[in-house]
Undergrad: 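Before I ask anything, let me first share the structure, which is written out below as structure tokens.
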Amino acid sequence: MSVRVRFAPSPTGYLHIGSARTALFNYLYARHTGGKFLLRIEDTDLARSTDESTRSILEGLAWLELEHDEDVVFQSDNADKHREAARRLLAEGKAYRDFTPKEEAGDGNIKEAIKERARAQGSEKNMRDNPFRDLSAEESDERAASGEPFAIRLKVPEVGKTVFEDAVYGLQERDYKETEDLVLLRSDGHPLYNLAVVCDDIEMQITHVIRGQDHLTNTHKQILIYEALGVTPPIFAHLPLIMAPGKGKLSKRKHGEVVSMTTYRDAGFLAAAFRNSLALLGWSAGEEQEIYSLKELVEKFSLEGIHRSNAIFNFSENDPRKWTDNKAIWMNAEYIRTMPLHDLLPFVKTELKANKLWREEYEPEGRALASVIDSTEVSEAFPEGEDRPVARAVDVRKVGTYDWYVHTVDLIRARFFTLKDFSTQGRAYFSEDFDFDPAAITKNLTKFPDLETWLPELATRFEAEFDDEPAHLNDLDPGTEEPVALRTHSGKLVYNEANIETVVKAFTEEKGTKLGVIMNGARTLLTGVAVGPSMLSVFETIGLERTLMRLRSRVAWN
RNA sequence: GUCCGGUUCGUCUAGGGGUCUAGGACACCGCCCUUUCACGGCGGCAACACGGGUUCAAAUCCCGUACCGGAUACCA
């Protein structure tokens, strides 16, 4: 029988890290085995379920690219079937009506209240002491017919135990006396979770239930229901939990945004990178590799590789550099700087567009970049799997062209952690309207007051020495195709790294200062930040015109 | 309280009786490169929860203790 797994979130909030990981593992298992990955929304708790949550969960799954098979099942649509199952068990004497008046839930912490009550009862509690458990069928029917409200509870046998082999945790046993006669149907007729799950899993022909370890005890109750229903239970695989730093519960309430999937999307994470780091939380292929493509994850995933101990999602709220798990941040950076450039470009485009930094000129030859990359024309744009476009920069790349854009992204991505960095740290490459980092100004500018006159002077020097005119093709070295002529036809120097270095070094010597002083001062004026690629590349990439303008600008000095 | 589960560097983890003076990654700290740097290179710090067994041999198997987590609802 082919594998059928499901991800069954309850729509009571956004998709959080734990659920996302559960969804991922289910997805990977399905794809690995060639089975189906189904999605079921467990919305039986009408009071807490919202459409907004459902949308948000679907959105999160879509972002992670965990595509499900078949139609989404809404558990509430099956309520009639659940009720029917409860009635059947009642008729067969495997369940009974409990006429105990419903206890009103007190306000405050429900979890705490339950724990308190359980503690008070201790081991003394007899799970079979419900007075209605052995009520005669006649009396039960009579009272029901008279309109007395009742819940339907499963009649758990007096002696014996539930046993199942968990694919992760191994053999699990639980004595019946530890399990109460659980409620199947509420007195208002609404089916309860354990009944609904079992019925739906049967109906959806689920073969493997992969879910959080917090369901381990529910599983025993569910097995009881399977047995009562006369159906063989599926295979269960429980996942260790993802905890907060300090081993506490990772909660929306306490930890806020770090647990929400949308946070990562909005923070400029690549889904592939986040998915990759999620996969490593509670699972390992037993090797030292850590960067896995989705394809590799699918190939290597196995239930045997799942751990039994909880993992901590490590972050510290007060450190902006560690606002979320460090390894996740690192992995995102790793993806950004090592993934094929043509895979990264669409994401950068989206980011730039969102910040009004995108220019149509960045489109390759006027065509939509995405369509070029996705279509068969890819070979034309990127011959033989090359990351870079075919157009070679025989001259200085003209600022604002597609060629320049690709080169720039490639240049600046090395030090970036998220997609957001392209529009923040990297803003000065794409716009005249960028901010200056106060720390950079202090460190590289105001510390050397001479720079206030030197840098505009450098601009004048550049203006005298350089020309934006490209070198002529004739000047190319036939062997390397690199421009050999350092001068343009007007007799000025080509504005490229080698020449810039010569000019800046000479200028530095004249001023009797260190190269770093000039370079870092220029970096601050040109890019607004203190870190980045080699300054020679920066000069060239920003282009002569903008370099002159920015070196002369007074903005940073005021 | 009771039941269930877990415990290897700060964090994610490798490890399934000898190859473990415990490996990798992130973070951190040094050094190198360099005009700076959150790129890169090299290096360092740092862990088998504790106590008993079993065995020639235990991080690995067994038992206990401690700690942590989960569950204990007419929530899911």
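Hydrogens, waters and symmetry mates play no part in the numbers below; they use all other heavy atoms, side chains included. Chain letters run A, B, ... following the sequence lines, proteins first, then strands; residues in each count from 1.
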Undergrad: B:rG51 and B:rA66: how far apart are their P atoms, nearest whole angstrom?
TA: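 To the nearest whole Å, 15 Å.
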Undergrad: Using ring centroids (six-membered ring only for Trp), state whether A:Phe539 and A:Phe462 fall under 6.0 Å.
TA: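 Yes, the ring of A:Phe462 comes within the 6.0 Å limit of the ring of A:Phe539, centre to centre.
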Undergrad: Rounded to the nearest angstrom, tell me the gap between atom CG in A:Asn126 and atom P in B:rU2.
TA: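 That distance rounds to 17 Å.
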Undergrad: Looking for any heavy atom pair under 4.0 Å, which part of the strands does A:Pro533 touch: base, sugar-phosphate only, or nothing?
TA: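 Base contact - A:Pro533 has a heavy atom under 4.0 Å of at least one base atom.
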Undergrad: Side chain of A:Trp330: nearest nucleotide among B:rC75, B:rA73, B:rA25?
TA: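 Nucleotide nearest to A:Trp330's side chain: B:rA25.
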Undergrad: Under a 3.5 Å threshold, yes or no: a donor from one side chain and an acceptor from the other, between A:His190 and A:Asp45?
TA: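 The criterion, which ignores hydrogens and geometry beyond distance, is not satisfied for A:Asp45 and A:His190.
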Undergrad: The side chain of A:Arg117 lies closest to which of these nucleotides: B:rC39, B:rA73, B:rA14?
TA: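 From the listed options, B:rA73 comes nearest.
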Undergrad: Got a sec: does the CG of A:Asp319 have more than 12 other heavy atoms crowding it under 6.0 Å?
TA: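 Atom CG in A:Asp319 is crowded, with more than 12 foreign heavy atoms closer than 6.0 Å.
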Undergrad: Rounding to an integer number of Å, can you tell me how far A:Lys111 NZ sits from B:rU72 P?
TA: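 That distance rounds to 5 Å.
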Undergrad: Does the side chain of A:His307 get closer than 4.0 angstrom to OP1 or OP2 of B:rA14 through an N or O atom?
TA: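 Answer yes for this pair, as a side-chain N or O of A:His307 is under 4.0 Å from OP1 or OP2.
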Undergrad: With rounding to whole Å, what would you report as the distance between B:rG23 and B:rC32 at their P atoms?
TA: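 Their P atoms lie roughly 27 Å apart.
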Undergrad: Tell me which nucleotide among B:rU11, B:rG69, B:rU36 gets nearest to the side chain of A:Asn310.
TA: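 From the listed options, B:rG69 comes nearest.
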Undergrad: Does a side-chain N or O of A:Ser284 approach OP1 or OP2 of B:rA14 to a distance below 4.0 Å, or not?
TA: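 Yes, because at least one side-chain N or O of A:Ser284 sits under 4.0 Å from OP1 or OP2 of B:rA14.
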Undergrad: Look at the side chain of A:Lys322 and decide which nucleotide, out of B:rU7, B:rC75, B:rA27, has an atom nearest to it.
TA: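 That would be B:rA27.
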Undergrad: Can you say whether a donor on the side chain of A:Arg48 sits under 3.5 Å from an acceptor on the base of B:rC75, or the other way round?
TA: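 Flag set: donor-acceptor pair detected.
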Undergrad: Please figure out whether A:Tyr169 or A:Asn326 has its closest RNA chain B nucleotide nearer the 5' end.
TA: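 On the 5' side of the pair lies A:Tyr169.
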Undergrad: Could you tell me how far B:rU13 sits from B:rU8 if I compare only their C1' atoms? Round to whole Å.
TA: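 Their C1' atoms lie roughly 9 Å apart.
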Undergrad: Nearest to the A:Ile114 side chain among B:rA73, B:rA14, B:rA38, which nucleotide is it?
TA: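 Closest of the options to the side chain of A:Ile114: B:rA73.
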Undergrad: How many Å lie between CD on A:Glu334 and C1' on B:rA27, as a whole number?
TA: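 Taking CD of A:Glu334 and C1' of B:rA27, I get 15 Å after rounding.
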Undergrad: Please tell me which of the listed nucleotides, B:rC74, B:rG70, B:rA71, lies nearest to the side chain of A:Gln213?
TA: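 Selected nucleotide (nearest to the side chain): B:rG70.
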Undergrad: Do A:Tyr193 and A:His215 make the cut of ring centroids closer than 6.0 angstrom?
TA: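 Yes, the ring of A:Tyr193 comes within the 6.0 Å limit of the ring of A:His215, centre to centre.
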Undergrad: Quick check on the 6.0 Å ring-centre criterion: do A:Phe132 and A:Tyr96 meet it?
TA: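 Ring centroids of A:Phe132 and A:Tyr96 are no less than 6.0 Å from each other.
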Undergrad: If I pick the C1' atom on B:rU7 and the same atom on B:rG15, what distance separates them, to the nearest angstrom?
TA: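 Looking at atom C1' only, B:rG15 and B:rU7 are 15 Å apart.
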Undergrad: With heavy-atom distances below 4.5 Å as the criterion, would you say the side chains of A:His238 and A:Gln172 are in contact?
TA: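 SC-SC contact between A:His238 and A:Gln172 ruled out.
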Undergrad: Could you work out the separation of B:rC63 and B:rG24 based on their P atoms and round it to a whole Å?
TA: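 Roughly 33 Å separates the two P atoms.
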Undergrad: Could you please spell out the steps behind the side chain to side chain contact (heavy atoms under 4.5 Å, CB included) verdict for A:Gln425 and A:Arg415?
TA: CA-CA 10 Å; A:Gln425 303 264 69; A:Arg415 264 157 253 251; over 6 Å; no
Undergrad: Please name the nucleotide paired to B:rC42 by Watson-Crick or G-U wobble geometry with both distances under 3.5 Å, or report none.
TA: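 Paired with B:rG30.
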Undergrad: Let me know the distance between CD1 of A:Ile110 and P of B:rA76, rounded to the nearest Å.
TA: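 Atom CD1 in A:Ile110 sits about 11 Å away from atom P in B:rA76.
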Undergrad: Looking at B:rG40, I'd like to know if its phosphate oxygens (OP1 or OP2) sit under 4.0 Å from a side-chain N or O belonging to A:Arg337.
TA: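 Yes, A:Arg337 has a side-chain N/O under 4.0 Å of OP1/OP2 on B:rG40.
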Undergrad: Are A:Phe313 and A:Trp323 near enough that their ring centres are under 6.0 Å apart?
TA: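 Aromatic pair excluded; centres sit 6.0 Å or further apart.
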Undergrad: Using a heavy-atom cut-off of 4.0 Å across all strands, would you classify A:Ser49 as base, sugar-phosphate, or nothing?
TA: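 The residue A:Ser49 makes no contact with any strand.
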Undergrad: B:rC74 C1' sits how many Å from A:Phe99 CZ, rounded?
TA: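 So the two atoms are 14 Å apart, to the nearest Å.
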Undergrad: Which of these nucleotides, B:rA25, B:rU35, B:rC74, is closest to any side-chain atom of A:Glu290?
TA: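 The listed nucleotide nearest to A:Glu290's side chain is B:rA25.
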Undergrad: Scan A:Asp45 against the nucleic acid and name what it touches under 4.0 Å (heavy atoms): base, sugar-phosphate only, or nothing.
TA: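 Touches sugar-phosphate only.
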Undergrad: Expressed in whole Å, how much space separates the P atoms belonging to B:rA22 and B:rC62?
TA: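 Nearest-Å result for B:rA22 against B:rC62 at atom P: 25 Å.
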Undergrad: Provide, to the nearest angstrom, the distance between the CZ atom belonging to A:Phe236 and the P atom belonging to B:rG5.
TA: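 To the nearest whole Å, that distance equals 16 Å.
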Undergrad: Between A:Asp325 and A:Asp188, just flag the one whose closest nucleotide in RNA chain B comes earlier from the 5' side.
TA: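 Final value for this comparison: A:Asp325.
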Undergrad: What's the closest nucleotide to the side chain of A:Ser534 if the choices are B:rC39, B:rU35, B:rC74?
TA: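 Side chain of A:Ser534 sits closest to B:rU35.
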Undergrad: Between B:rU60 and B:rG52, how far is it from one P atom to the other, in whole Å?
TA: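 After rounding to an integer number of Å, I get 14 Å for this pair.
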Undergrad: Of all the choices, B:rC75, B:rG69, B:rU72, which nucleotide is nearest to the side chain of A:Leu192 once you look at every atom?
TA: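 When the side chain of A:Leu192 is considered, B:rC75 is the closest of B:rC75, B:rG69, B:rU72.
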Undergrad: Side chain of A:Leu281: nearest nucleotide among B:rC12, B:rU35, B:rA76?
TA: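 The nucleotide sitting nearest to the side chain is B:rC12.
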Undergrad: Could you give the NZ-to-C1' distance, from A:Lys247 to B:rG10, as a whole number of Å?
TA: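 After rounding, the reported distance stands at 12 Å.
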Undergrad: Within a 6.0 Å radius of atom NZ on A:Lys300, are there more than 12 heavy atoms belonging to other residues, nucleotides or ligands?
TA: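 Correct, the count exceeds 12.
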Undergrad: Say you pick atom P in B:rC45 and the same atom in B:rG40; how far apart are they, in whole Å?
TA: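 One P to the other, the span is 22 Å.
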Undergrad: So what does A:Gly532 touch, heavy atoms closer than 4.0 Å: a base, only the sugar-phosphate, or nothing?
TA: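 The residue A:Gly532 makes base contact.
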Undergrad: What is the distance, to the nearest angstrom, from the CZ atom on A:Arg415 to the P atom on B:rC39?
TA: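 Taking CZ of A:Arg415 and P of B:rC39, I get 7 Å after rounding.
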Undergrad: Is A:Asn218 touching bases, backbone alone, or none of the nucleic acid, heavy atoms closer than 4.0 Å?
TA: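 Result for A:Asn218 = base.
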Undergrad: Should B:rG51 form a Watson-Crick or G-U wobble pair with both distances under 3.5 Å, which nucleotide is its partner?
TA: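 Matched B:rG51 with B:rC63 under the 3.5 Å cut-off.
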Undergrad: Measure distances between side-chain N and O atoms of A:Thr217 and base N and O atoms of B:rC4, and say whether any donor-acceptor pair falls under 3.5 Å.
TA: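 Per atom types, no contact qualifies.
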Undergrad: Pick base, sugar-phosphate or nothing for A:Glu287, based on heavy-atom distances below 4.0 Å to the nucleic acid.
TA: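 Here A:Glu287 touches no strand at all.
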Undergrad: What contact category does A:Gly248 fall into here, base, sugar-phosphate, or nothing, at under 4.0 angstrom with non-hydrogen atoms?
TA: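 No contact.
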Undergrad: How is A:Ser187 classified with respect to the nucleic acid when contacts are heavy atoms under 4.0 Å: base, sugar-phosphate, or nothing?
TA: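 It contacts base atoms.
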Undergrad: Decide if atom CZ of A:Phe347 counts as having more than 12 heavy atoms of other residues, nucleotides or ligands within a radius under 6.0 Å.
TA: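 Not buried by this count: 12 neighbours or fewer within 6.0 Å.
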Undergrad: Which is true for A:Ala530 with a 4.0 Å heavy-atom rule: it touches a base, it touches only sugar-phosphate, or it touches nothing?
TA: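 Here A:Ala530 touches the bases of the nucleic acid.
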Undergrad: Using a cut-off of 4.0 Å on non-hydrogen atoms, how would the nucleic acid contact of A:Pro11 be classed: base, sugar-phosphate, or nothing?
TA: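 Counting heavy atoms under 4.0 Å across all strands, no contact is made by A:Pro11.
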Undergrad: If you compare every side-chain N and O of A:Arg523 against the phosphate oxygens of B:rU35 (OP1, OP2), does one of them come in below 4.0 Å?
TA: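 Answer no for this pair, as no side-chain N or O of A:Arg523 is under 4.0 Å from OP1 or OP2.
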Undergrad: Heavy atoms only, 4.0 Å cut-off, all strands: where does A:Leu536 land among base, sugar-phosphate and nothing?
TA: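 Base, at least one base heavy atom under 4.0 Å.
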Undergrad: Is B:rA25 paired to anything, Watson-Crick or G-U wobble with both distances less than 3.5 Å, and if yes, which nucleotide?
TA: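 Base-paired to B:rU11.
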Undergrad: Heavy atoms only, 4.0 Å cut-off, all strands: where does A:Met331 land among base, sugar-phosphate and nothing?
TA: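 Result for A:Met331 = nothing.
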Undergrad: Check every strand shown and say whether A:Phe313 touches a base, only sugar-phosphate, or nothing at a heavy-atom separation below 4.0 Å.
TA: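 It contacts nothing in the nucleic acid.
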Undergrad: So what does A:Tyr193 touch, heavy atoms closer than 4.0 Å: a base, only the sugar-phosphate, or nothing?
TA: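 Since a base atom lies under 4.0 Å of A:Tyr193, the category is base.
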